[in-house]
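Quick note on labels: first sequence line is chain A, next is B, and so on, each numbered from 1. Predicted model only: the values in this text are computed from it and were never measured. As a basis for the values below, the full set of heavy atoms in this structure was taken, side chains included, without hydrogen atoms, waters or symmetry mates.
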2 protein chains.
Amino acid sequence: MSTPSAQTSLRQSPAPEHARKRLVDAALDLFGRYSFDGVSTRTLARQARVNLAAIQYYFGSKEGLYLAVARHIDQRIGSQVRPVLAEVETALAARNPSRDVCFAMMCRLLEVMIGTTLGSIDSKKWVGIFMREQMEPSAAFDILFEGVMRPMHRCMCRLAGRILDVDPEAAETKIRVYAIMGQLVMFHISRAAVTRTLGWQGFQSEEVASIRAVLLQNMRALLGMEDARST
Amino acid sequence: MSTPSAQTSLRQSPAPEHARKRLVDAALDLFGRYSFDGVSTRTLARQARVNLAAIQYYFGSKEGLYLAVARHIDQRIGSQVRPVLAEVETALAARNPSRDVCFAMMCRLLEVMIGTTLGSIDSKKWVGIFMREQMEPSAAFDILFEGVMRPMHRCMCRLAGRILDVDPEAAETKIRVYAIMGQLVMFHISRAAVTRTLGWQGFQSEEVASIRAVLLQNMRALLGMEDARST
DNA sequence: GTCTATAGTCGGATAGAC
DNA sequence: GTCTATCCGACTATAGAC
């Protein structure tokens, strides 16, 4: 839309030459909702409003398109997450942050995770792909795991290590951090169950706020930070 | 095997007339690993060592087989879970159990969940179906949700309500219980990530014990039961 | 770069013999 | 109840015009 590539008047194709981008967008949506096997190349091409042959032309195969989507997710989410992680790592390396500061950073990471997932409108698309890769890893798993999940987990382990005064590399620490992350993951995985149980229509800002409040409260409890808490 | 239906000698088919059961077993395994769309009827028939037409004959369609699998899971898991839930409900209704007793029952429910999932050998099969239905509900979701998940969640909410002295029907209580459940769900969903991070080969009894220990510890923290805890 | 047409394969389902 | 053979639609991928 920003590049006026065609001087001719209106064509049939709404966005000239951006077939590649439109394919990735459509694939992100459709793969996220219905899984790789659940979407046909015809459906992808139709939703992207490109020709069927464009998938082979740009990505070599349906699987190539899927991997392009994984890289897209990694870039999109990574660009939001990695700066924050770098900040925390710097703080951990340079200074010797106090327990309270580490806890604050831990909460910040949780906020980032909530913000990029539950809080984001288009999160439902990539979260579906992300979760499915967790359950049934393909070549895309490495991209997503190494790019986003492992750095986040490692960073949280270091913070938890300082807060709890335990070895961040210990198996128990890693498990505890996974358990913490699991609380958030639950609301993605079991979205249908949660909304049905609570009579929600979906995850609007109010519902997300309720979840965030519980998760922050739980973070405090799980890291032994509760000094004078009311329940 | 128990019904000697054929008086003839050994046939090609290893189990006479139990085509139906073998199809459900194969479908449980294959659907659990590869999802509904990821498995063809030919693959199903081959693994079940039945004829291709048997799927239509016994279940009407591939989808019919899938629903039969969902009912099978509901029966199989329900038979283990529902008696415990009934026990807890009875205890809650009849007596007025103390906080400690409620906490013990809460831990018991967690143990049941771990035992039927992480602790069970063939759990990986049905857990995959269960989780996929959570993400992408189909007609099978109602069977699994109403049969197993909702009763479990409701029961845990009642216990949590007494332990925390809050309304078991309150949205916050429901969310807190979902968060608790999420800790366990995480280790199913992110099995690949967890094993890779921890250098595990899978979830053997030792690994499950590590997870159980953390989850029980967290349960204590999340329900405010920590009187004199070290960490 | 974009399109049509089609190759070649595999999918779920069915008919009808036994 | 079980099997073979087959229909027919849908699939991914490709060839080649423009």
Side-chain angles (χ1 to χ4, degrees), chain A residues 1-27 30-31 33-70 138-140, chain B residues 1-27 30-31 33-70 138-140:
Chain A
M1 295 212 284
S2 54
T3 53
S5 61
Q7 295 168 324
T8 56
S9 58
L10 287 174
R11 294 258 189 92
Q12 285 183 347
S13 47
E17 212 271 308
H18 284 48
R20 189 186 180 93
K21 180 181 181 339
R22 287 221 305 280
L23 265 174
V24 171
D25 285 344
L30 290 168
F31 285 147
R33 278 194 285 173
Y34 307 114
S35 88
F36 182 81
D37 293 314
V39 185
S40 70
T41 51
R42 287 170 214 283
T43 305
L44 287 163
R46 196 184 322 125
Q47 175 151 333
R49 287 166 304 169
V50 301
N51 195 272
L52 180 57
I55 293 172
Q56 271 69 30
Y57 181 77
Y58 285 107
F59 304 99
S61 66
K62 182 188 179 184
E63 199 179 340
L65 172 55
Y66 183 74
L67 287 176
V69 169
S138 76
Chain B
M1 293 213 287
S2 55
T3 52
S5 60
Q7 294 168 327
T8 56
S9 59
L10 287 174
R11 295 260 189 93
Q12 285 182 347
S13 48
E17 212 274 309
H18 283 48
R20 189 186 181 93
K21 180 181 180 340
R22 288 219 305 281
L23 264 173
V24 171
D25 285 343
L30 291 168
F31 285 147
R33 277 194 287 172
Y34 306 115
S35 87
F36 183 81
D37 294 315
V39 184
S40 69
T41 52
R42 286 168 165 80
T43 305
L44 286 163
R46 198 185 321 126
Q47 175 152 332
R49 287 167 304 170
V50 301
N51 194 272
L52 180 57
I55 294 173
Q56 270 69 30
Y57 181 78
Y58 285 107
F59 304 99
S61 67
K62 182 187 179 185
E63 200 178 340
L65 172 55
Y66 183 73
L67 286 176
V69 169
S138 76

Item to check | Nucleotide nearest B:Ser40 (side chain, heavy atoms from C-beta), chosen from C:dA13, D:dT2, C:dG11 | outcome: C:dG11
Next on the checklist: Measure NZ/B:Lys62 against C1'/D:dA10 and give the value in whole Å, please.
Outcome noted: 13 Å
Checklist entry - What nucleotide, of D:dT4, D:dA15, C:dT2, holds the atom closest to the side chain of A:Ala53? => result D:dA15
Item to check | 5′-ward residue of the pair B:Gly60/A:Ala54 relative to DNA chain C | outcome: A:Ala54
Checklist entry - Is the closest side-chain heavy-atom distance between A:Ser61 and A:Tyr66 below 4.5 Å? => result no
Checklist outcome for this item: In whole angstroms, the gap separating P of C:dT2 from CZ of A:Arg20 amounts to 11 Å
Item to check | Polar side-chain atom of B:Arg22 near backbone of B:Arg49 as donor-acceptor pair, under 3.5 Å | outcome: yes
Checklist outcome for this item: In short, B:Ala19 meets B:Val50 closest at the heavy-atom pair CB-CG1, 3.6 Å
Checklist entry - Is any side-chain N or O of A:Thr41 closer than 4.0 Å to OP1 or OP2 of D:dC11? => result no
Checklist entry - What's the CG-C1' distance between B:Leu30 and C:dG11, to the nearest Å? => result 16 Å
Next on the checklist: Classify A:Leu52 by what it touches in the nucleic acid, base, sugar-phosphate, or nothing, heavy-atom distance under 4.0 Å.
Outcome noted: base
Next on the checklist: Distance check needed: D:dT12 C1' versus A:Phe59 CZ, whole Å only.
Outcome noted: 16 Å
Checklist entry - Expressed in angstrom and rounded to an integer, what is the separation of B:Tyr57 atom OH from D:dT4 atom C1'? => result 17 Å
Next on the checklist: Please report the distance, rounded to the nearest Å, between CD in B:Glu63 and C1' in C:dA13.
Outcome noted: 14 Å
Next on the checklist: Let me spell it out: for each of B:Arg42 and B:Val50, pick the nucleotide of DNA chain D with the closest heavy atom. Which residue's pick is nearer the 5' end?
Outcome noted: B:Val50
Checklist entry - Expressed in angstrom and rounded to an integer, what is the separation of B:Leu44 atom CG from C:dG12 atom C1'? => result 11 Å
Next on the checklist: With a 4.0 Å limit, can you tell me whether B:Asn51 has a side-chain N or O closer than that to the phosphate oxygens OP1/OP2 of D:dT4?
Outcome noted: yes
Item to check | Shortest non-hydrogen contact between A:Tyr34 and B:Asp37, atoms and distance | outcome: O-OD2, 4.4 Å
Checklist entry - Can you tell me how far P of C:dT2 sits from NE2 of A:His18, to the nearest Å? => result 11 Å
Next on the checklist: Taking only side-chain N and O atoms of A:Gln56, does any of them lie within less than 4.0 angstrom of OP1 or OP2 on D:dT14?
Outcome noted: no
Item to check | Test item: B:Lys62 side-chain N/O and B:Phe36 main-chain N/O as donor-acceptor pair under 3.5 Å | outcome: yes
